[in-house]
There are 2 protein chains.
Amino acid sequence: MAKLARVDPSVVSRIINDDTALLIKDETRKRVLEAIKELNYRPNANARSLRKRKTMMLGMVIPDFLNPVYGEIIRGAELQASTEGYHLMVCSINKDSKCNYLSLLREGRIDGLMVASSEFEDSSISELEKENMPFILVNRLTLSMHDYVIADDTYGAKLAVNHLIDLGHTQIGHLSGPLFTGTGTERFQGYRAALKESGIDFFPSYLHETGYTVESGYEGMMKLLELPDPPTAVFAANVLSSIGAIQAIKVKGLTVPDDISVVGVHDVFFASMIDPALTTVKMPLFEMGIEAVKSLIKKLNGEQTGVSVRIPGAELIVRKSTSVPPTKSIGGYYERTGKASK
Amino acid sequence: MAKLARVDPSVVSRIINDDTALLIKDETRKRVLEAIKELNYRPNANARSLRKRKTMMLGMVIPDFLNPVYGEIIRGAELQASTEGYHLMVCSINKDSKCNYLSLLREGRIDGLMVASSEFEDSSISELEKENMPFILVNRLTLSMHDYVIADDTYGAKLAVNHLIDLGHTQIGHLSGPLFTGTGTERFQGYRAALKESGIDFFPSYLHETGYTVESGYEGMMKLLELPDPPTAVFAANVLSSIGAIQAIKVKGLTVPDDISVVGVHDVFFASMIDPALTTVKMPLFEMGIEAVKSLIKKLNGEQTGVSVRIPGAELIVRKSTSVPPTKSIGGYYERTGKASK
DNA sequence: CTGTTAGCGCTTTCAC
DNA sequence: GTGAAAGCGCTAACAG
């Protein structure tokens with residue numbers, strides 16, 4: 001122990017926590033500091049957490065470490081956490097590894113939890129709520145309102161759909177996210193709003209509810225392609241589903257964007273590398289991670305009761321997967337009338 | 001407390017840790033179990049860790065959460081950790097957020113550390129070693145031998161290069177990883193060995209040392225393309241650098257694979273989605289995560305002293321970025337002689 | 001300015 | 001079979 005500096009442990013404690021209330025003789029402080037350096041002493045975090053009832057650890061639940069959307073959020077969260085002197089513990093929740101986030105909280109391993117998984121069931125959330133656990137939702141909502149940090153998904157969706165409309169599309173499909181999720185419904189609402197503002201009717205069979213995965217995007221797009229008069233453009237609520245959509249279009253022997261244009265949400269780093277380079281809406285994911293940590297810490301400190309943040313700043317990144325609509329219908333049934341018809 | 005079950009805390013402890021040495025009356029056990037259920041009681045992890053000098057937490061250091069290679073490793077590690085009753089704490093180490101892995105260990109927040117970052121300096125590792133900290137290297141090596149879990153990178157590289165040779169290439173460039181890393185040197189050695197086995201001379205200017213990033217792959221490829229007689233095929237030591245290489249080739253107005261073939265290492269989920277779909281060597285990353293946790297736990301339990309594992313099973317995944325060499329040299333200087341020349 | 005004391009919530013040894 | 005007591009390493013209140 002640093003008691004080899006010939007002082008009481010409490011003095012060491014005061015120095016380490018630089019307790020400004022009590023003054024410590026320079027000579028003593030120096031002696032202790034030297035002993036600390038020599039022994040590479042670091043106070044035991046468990047003892048400290050036990051005493052202070054605070055671990056300085058934050059938890060975050062995501063669906064999958066391979067999903068680049070969450071990678072970006074984690075980056076922001078990790079940065080902000082370390083800035084504020086906290087550690088971050090991320091775990092994914094899926095069938096295999098059942099990260100027991102609730103135990104993490106109950107056992108006092110973490111001070112607060114960020115729920116950033118859309119796969120996370122509402123029932124689990126109400127359990128957190130029932131036990132009055134300190135948590136915050138990230139990039140998602142629930143029916144029962146909670147503290148949350150989200151982006152402006154409605155605006156982002158409008159950006160995407162207006163881009164398609166500006167190119168001349170009027171037959172615009174939507175591969176929505178799960179419509180029981182906040183991001184899914186908001187993006188869907190943005191889609192409808194954009195159509196309405198341009199006087200384009202909403203056509204229910206052009207809507208397909210999918211998950212945020214490549215597979216479900218593929219399947220959803222297949223359904224749209226089987227329509228007698230398929231859309232000339234598709235707004236996919238996610239990058240992964242947009243990639244699945246492109247695969248489906250290729251499999252059907254059609255070309256993106258010549259036959260069908262595709263826009264996705266989330267400008268992940270490989271969006272520019274796929275074929276064709278994907279037009280996307282860039283959402284402020286990094287900022288979301290930062291804000292999530294800020295808000296959670298505020299909540300922990302009781303500085304704020306309802307910490308609900310909506311981060312502005314979605315941005316359209318135009319690449320090669322969108323272009324003007326083809327002049328003839330895909331099925332060859334009739335000539336397109338184009339934007340002039342509206 | 002569960003002492004509302006009218007028993008001593010020590011009894012609760014025995015029941016929770018199902019201490020088989022001491023038998024407990026069925027009636028008491030039932031009463032305690034009911035109280036636990038009712039209160040949703042979970043023992044405080046900090047108190048427990050303090051007492052037992054064990055946290056059941058494992059740490060892992062990676063360079064970046066956006067790098068899908070590590071995502072795969074984390075997945076495996078998380079699964080195995082939860083299987084063995086441990087929690088996993090991953091943090092990335094970069095200029096911004098300086099996850100202090102050493103403090104994590106010294107403060108007793110984690111029982112052991114997995115170092116899976118090639119960016120992690122050797123000096124930091126010797127510091128870990130000097131303080132006799134329980135750690136293990138994952139997917140990397142150092143000069144001073146340590147416990148490690150790696151894949152067969154030499155074999156993986158041979159797989160890639162032999163594929164190119166089989167297609168008829170003799171002018172094969174290599175965008176190596178950093179040659180001070182184990183993966184970098186092993187893949188380079190596999191490249192040389194494959195060339196040698198086919199009687200192809202190693203041509204030093206065809207070797208370019210790059211980092212494991214898109215940018216460095218781009219730059220390295222540009223250098224190769226500026227050669228008077230550039231290679232007809234390139235083996236990139238990483239997915240990201242292979243993507244950078246493809247970008248460079250496109251920028252120069254050339255086509256993959258018609259003008260130049262490209263093989264990369266690591267079959268990440270978007271390898272099939274880029275343009276052209278990437279031929280890769282799939283390394284056993286998920287298994288690496290699993291083995292890393294197994295080995296670290298063995299080391300912690302003192303079951304094994306030198307835990308060094310090499311995981312077999314690299315696999316070639318052929319897609320669209322490789323084909324037979326062009327019949328004419330790119331620069332147009334002379335006719336290719338092909339494999340027959342050797 | 002520094003030492004003494006008590007206690008955070010648990011586990012373990014010993015006593016009954 | 002269960003309770004009592006001590007102590008893990010720290011911090012906070014109080015004494016001196």
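Chain A is the first sequence line, chain B the second, and so forth, proteins listed ahead of strands; every chain is numbered from 1.
The stretch residues 41-51 of chain B participates, sequence neighbours left out, in these salt bridge (charged side-chain N to carboxylate O under 4.0 Å, His left out) pairs: A:Glu107-B:Arg42. Screening residues 286-299 of chain A for side chain to side chain donor-acceptor pair (under 3.5 Å) gives A:Asp147-A:Lys299 as the qualifying pairs, with residues at least two apart or on separate chains.
Under the rule for a side-chain contact (heavy atoms from CB on, under 4.5 Å), the partners of A:Ile15 that lie at least two apart in sequence or sit in another chain are A:Val11, A:Ile24, A:Arg29, A:Val32, A:Leu33. Residues that satisfy the salt bridge (charged side-chain N to carboxylate O under 4.0 Å, His left out) test with B:Arg31, not counting sequence neighbours, are B:Glu27.
Of the two residues contacting DNA chain D, namely A:Ala47 and B:Arg31, the nearest-nucleotide position lying further toward the 5' end is that of B:Arg31.
Classified by interplanar angle (parallel below 30°, tilted 30° to 60°, perpendicular above 60°), the ring pair A:Phe135/A:His146 is tilted.
Rounded to whole Å, atom P of C:dG9 lies 11 Å from atom CG of B:Asn46. Summarising the geometry, the separation between CZ on A:Arg42 and C1' on D:dC10 is reported as 13 Å, rounded to the nearest angstrom. Put simply, NZ on B:Lys30 is 18 Å from P on D:dG1, counting in whole angstrom units. Rounding to whole angstrom units, CD1 of residue A:Ile15 and P of D:dG9 are separated by 20 Å. The nearest whole Å value for the distance from the NZ atom in A:Lys54 to the C1' atom in D:dA12 is 17 Å. As a whole-Å value, the separation of B:Arg53 CZ from D:dG7 P is 13 Å.
Here the side chains of B:Tyr212 and B:Thr183 are in contact, with some heavy-atom distance below 4.5 Å.
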Trace of the side-chain contact (heavy atoms from CB on, under 4.5 Å) decision for A:Asp153 with A:Met283
CA-CA 8 Å; A:Asp153 286 290; A:Met283 302 300 286; 3.4 Å; yes
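Each end of the helix from C:dC1-D:dG16 to C:dC16-D:dG1 gets its own axis, taken as the rotation carrying the C1' atoms of four end pairs onto the next four within a five-pair window, and the two axes meet at 50° to the nearest 10 degrees.
Atom CD of B:Glu38 sits in a sparse spot, with 12 or fewer heavy atoms from other residues, nucleotides or ligands closer than 6.0 Å.
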So if I define the base as every atom that isn't primed, P, OP1 or OP2, how would nucleotides 11-16 of chain C read as a B/S/- string at a heavy-atom cutoff under 4.0 Å?
BBB---
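Heavy atoms of A:Thr28 sit under 4.0 angstrom from primed sugar atoms or phosphate atoms, though from no base atom. Note on B:Leu50: a base of the nucleic acid sits closer than 4.0 angstrom, heavy atoms only.
Side chain of B:Asp111 to backbone of B:Leu58: no donor-acceptor contact under 3.5 angstrom is found.
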